[in-house]
Amino acid sequence: MEKVHLIIANKDHFAYAQEICEVISDSAKIRGTGIAKRTPEYIQTKMLNGNAIIALSGNQFAGFCYIEVWGHEKYVAHSGLIVHPSFRNKGLAKKIKEFTFNYSLKKYPTSKVFGITTGLAVMKINSDLGYKPVTFSELTDDPKFWAGCKTCTNYDILTSKDHKMCLCTGMLYDPRNIAKKKDKWYDKKVLKRLKKIKQTMLTNNKQLLLWKK
C-alpha cells in the first residue's frame, strides 16, 4: 500500500465526490448515529473554494474533511471527517483533523473553530487540539448551519429543544485563548457515561413527541 498524502483538494478531485458521500453515509449507518447528508455537488463546491482536505494513497481515496465558514468568518467548522474503511485504525483521522485545523487557522486566523459531534474519538482529537465543550448558544447562530442538520435522524430532537441541545456535543476553539494553558478535561469513561444519560433522556423525549403526533 502506497503512503497516504494529505492534499488541499481542488477541481482535479471532483471525481472522488460521489465516493466520499457514500462512505460518509455508510459509516453513519454502521454506527447507528445521525448525520447531516451532503451531496457530491456540495463536496465539489468545497473543493473548488479550497476548503476541503483529501487523503490519497496513489489514486485511491483514503479520507476527507472540509471547512465551512459562518457569520462572515466569525466562525469556521470542520465537517464531513471520514476515513475509508481500508485505511481505518491507522491514526489517519487524527492526521486529517490536525491538517484541516492548522490549515483553517492560517486561512481564517481570527475565526473561532467549532464543531458538533457524537463521537468520543472526535472529542478526544478536538480536546488535544485545544477545543473546549460548550453549550450550543456559544456556537454560530447562522440558520444555514442548523439547516444542514435537517437530514439528520435526530433533527426533531434539536428543534424540540429550540436548537439549544441535541445528542451532539458542541466544542469550540477560540484563537484568542491560545496563550492559556490547556485544561485536561477529557475523560473517556465520564464522557461515555454522560453521553449514555443524554441519549436516554433525549431519546425518551423524542419517543414522546412521536407519540403525541
Side-chain angles (χ1 to χ4, degrees), residues 1-31 33-117 119 121-122 124-126 128-131 140 142 144-152 171 173 175:
M1 185 179 294
E2 295 186 40
K3 183 178 179 180
V4 175
H5 296 278
L6 302 183
I7 305 165
I8 299 171
N10 55 53
K11 62 181 181 180
D12 294 335
H13 302 102
F14 277 12
Y16 294 100
Q18 180 63 46
E19 183 179 10
I20 290 169
C21 291
E22 291 173 356
V23 174
I24 291 174
S25 178
D26 290 345
S27 178
K29 290 177 183 177
I30 292 172
R31 298 196 312 270
T33 58
I35 191 167
K37 295 179 181 178
R38 294 292 182 258
T39 64
E41 292 75 21
Y42 186 84
I43 296 298
Q44 290 173 348
T45 298
K46 294 301 176 183
M47 292 177 172
L48 192 62
N49 293 338
N51 278 342
I53 307 301
I54 190 167
L56 297 174
S57 177
N59 293 321
Q60 185 178 1
F61 161 66
F64 183 77
C65 189
Y66 64 87
I67 300 169
E68 293 181 301
V69 183
W70 306 103
H72 304 288
E73 299 188 8
K74 183 179 179 180
Y75 295 93
V76 298
H78 305 150
S79 301
L81 176 61
I82 192 67
V83 174
H84 189 281
S86 299
F87 296 87
R88 288 174 186 166
N89 302 314
K90 302 178 186 295
L92 183 56
K94 184 175 182 179
K95 291 179 181 178
I96 295 173
K97 180 68 177 181
E98 288 178 345
F99 187 101
T100 306
F101 178 76
N102 291 324
Y103 173 59
S104 63
L105 289 184
K106 290 179 181 179
K107 190 170 184 180
Y108 305 102
T110 62
S111 301
K112 295 180 180 179
V113 187
F114 79 96
I116 57 175
T117 182
V122 176
K124 177 63 168 63
I125 294 172
N126 286 349
D128 291 342
L129 291 173
Y131 287 70
T140 179
D142 193 320
K144 290 182 179 180
F145 171 78
W146 298 106
C149 296
K150 287 183 178 179
T151 54
C152 176
M171 303 187 72
Y173 174 89

Verdict with reasoning, Tyr131 to Phe114, per side chain to side chain contact (heavy atoms under 4.5 Å, CB included) | CA-CA 8 Å; Tyr131 287 70; Phe114 79 96; 5.7 Å; no
Should we count NZ of Lys94 as having more than 12 external heavy atoms under 6.0 Å?
-> no
About how many Å separate CG of Leu6 and CG of Leu92, when rounded to the nearest 0.5 Å?
-> 6.5 Å
Heavy-atom distance under 4.5 Å between the side chains of Ile116 and Cys149, does that happen here?
-> yes
Which distance, rounded to the nearest 0.5 Å, do you find between the CD of Glu98 and the CG of Leu129?
-> 5.5 Å
Scanning both residues in full, the closest heavy-atom pair of Ile8 with Gly50 reads CG2-O, 4.0 Å
Can you check whether Ser111 reaches Leu105 side chain to side chain, under 4.5 Å on heavy atoms?
-> no
Please assess Tyr108 against Tyr103 for the test ring pair (Phe, Tyr, Trp, His ring centres under 6.0 Å), listing each intermediate value before the final yes or no.
-> CA-CA 8 Å; Tyr108 305 102; Tyr103 173 59; 8.0 Å; no
Could you walk me through whether His78 and Val113 pass side chain to side chain contact (heavy atoms under 4.5 Å, CB included), step by step?
-> CA-CA 8 Å; His78 305 150; Val113 187; 3.5 Å; yes
Output the distance between atom CE (Met47) and atom NZ (Lys11), rounded to the nearest 0.5 Å.
-> 14.0 Å
Side chain of Ser57, backbone of Gln60: donor and acceptor closer than 3.5 Å?
-> no
Name each donor-acceptor pair under 3.5 Å that joins a side chain in residues 13-20 to protein atoms two or more places apart or in another chain, with its distance.
residue: His13; atom: ND1; partner: Asn10; partner atom: N; Å: 3.1
residue: Tyr16; atom: OH; partner: Asn59; partner atom: O; Å: 2.7
residue: Gln18; atom: NE2; partner: Glu22; partner atom: OE2; Å: 3.1

Quick one: does Ile53's side chain get under 4.5 Å of Tyr66's, heavy atoms only?
-> no
Evaluate side chain to side chain contact (heavy atoms under 4.5 Å, CB included) for His84 paired with Phe64, printing each intermediate quantity in order.
-> CA-CA 9 Å; His84 189 281; Phe64 183 77; over 6 Å; no
Looking at Thr39 and Cys21, what are the two nearest heavy atoms and their distance?
-> C-SG, 3.5 Å
Could you list the residues that satisfy side chain to side chain donor-acceptor pair (under 3.5 Å) with Tyr75, not counting sequence neighbours?
-> none
Say whether, by atom type as modelled, one donor and one acceptor occur between the side chain of Thr100 and the main chain of Ile96 under 3.5 angstrom.
-> yes
Neighbour count above 12 (heavy atom, 6.0 Å) for Asp12 CG = yes
Are the aromatic rings of Phe101 and Tyr173 close, with centres under 6.0 Å apart?
-> yes
Check whether any side-chain heavy atom of Ile82 sits under 4.5 Å from a side-chain heavy atom of Arg88, and report yes or no.
-> yes
Is any NZ, NE, NH1 or NH2 atom of the basic residue among Lys46 and Glu41 found under 4.0 Å from an Asp or Glu carboxylate oxygen of the other?
-> no
Rounded to the nearest 0.5 Å, what separation is found between the CD1 atom of Ile43 and the CZ atom of Arg38?
-> 7.5 Å
4.5 Å side-chain heavy-atom contact, Asn51 and Lys107 | yes
Could you walk me through whether Thr110 and Glu73 pass side chain to side chain contact (heavy atoms under 4.5 Å, CB included), step by step?
-> CA-CA 8 Å; Thr110 62; Glu73 299 188 8; 5.8 Å; no
Which heavy atom of Gly80 sits nearest a heavy atom of Ile24, and at what distance?
-> O-CD1, 3.9 Å
With Lys144, which residues qualify under side chain to side chain contact (heavy atoms under 4.5 Å, CB included), at least two apart?
-> Trp70, Asp142
Is any side-chain heavy atom of Lys97 less than 4.5 Å from a side-chain heavy atom of Ile125?
-> yes
